Amino acid sequence: FTEGGFKHHIEIEHKPLSYIYYLHYLKTTDKTDFTGVDTAVFTKLENHNSIDDDRASWLPVGRALSLRQHEQEQKKEKILQQQEVTNQVSLMLTQHKHEVKEQLAAAVQTILLQVEKMNDSILPIRGRKSIS
């Protein structure tokens, strides 16, 4: 999960005392001094009689920053791997292109030499006068 394990995740990344301090802040602060987030959390905490009791929905359950960071690192690693494969394929295609060009040039040269030989052998025949 994280480098230090679940205990590290709970004790260091979540800092449970910070949640207690925050709840105390909400209980003791004048509502007009709240931010938008404070108001939303306070409202959730106060509306515990509602049918959809979502008082704890403001807590980061299943939304750990370290988990997001890990997912982002995995995505970056995958992108880097894909870029490496793409670069290798591109290099291979470039090399193959040069090889094909060389082979094609050699084949054209061979054909031209054969055509030249055929022309040399045909010209003397054309140059003879027929005896009739």
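Everything numeric here is computed off the predicted structure, so don't read it as measured data.
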Could you check whether Gln88 and Glu84, counting side-chain N and O atoms only, form a donor-acceptor pair closer than 3.5 Å? yes

Rounded to the nearest 0.5 Å, what separates atom CG in Leu93 from atom NZ in Lys97? 10.0 Å

Taking the basic N atoms (NZ, or NE/NH1/NH2) and the acidic carboxylate oxygens, is any pair closer than 4.0 Å for Glu46 and Lys27? yes

Rounded to the nearest 0.5 Å, what's the gap from NZ on Lys76 to CD on Gln83? Could you check? 12.0 Å

side-chain contact (heavy atoms from CB on, under 4.5 Å) between Val100 and His96, worked out: CA-CA 6 Å; Val100 168; His96 186 66; 3.6 Å; yes

Ile111-Met118 co-clustered via ILVMFWY side chain contacts under 4.5 Å: no

Decide whether Tyr22 and Leu17 are clustered together by the hydrophobic rule: side chain heavy atoms of Ile, Leu, Val, Met, Phe, Trp, Tyr closer than 4.5 Å, transitively. no

Could you check whether any side-chain heavy atom of Phe34 comes within less than 4.5 Å of a side-chain heavy atom of Val41, counting everything from C-beta outward? no

Taking Asp120 for its side chain and Lys117 for its backbone only, find out whether a donor-acceptor pair lies under 3.5 Å. no

Is any side-chain heavy atom of Val85 closer than 4.5 Å to one of Val89? yes

Distance-only polar pair, side chains of Thr35 and Asp38, donor-acceptor under 3.5 Å: yes

For the NZ atom of Lys75 and the NZ atom of Lys78, what is their distance to the nearest 0.5 Å? 10.0 Å

Looking at every heavy atom in both Leu23 and Leu45, which two are closest together, and how far apart are they? CD2-CD1, 3.5 Å

If you draw a 6.0 Å radius around OH in Tyr25, do more than 12 non-hydrogen atoms from other residues or ligands fall strictly inside? yes

Are Tyr19 and Leu26 grouped together when hydrophobic residues (ILVMFWY) are joined by side-chain heavy atoms under 4.5 angstrom apart? yes

Straight-line distance of Gln82 CD to Thr86 OG1, nearest 0.5 Å: 7.0 Å

Can you confirm whether Glu77 sits close enough to Glu73 that some side-chain heavy atom of one is under 4.5 Å from a side-chain heavy atom of the other? no

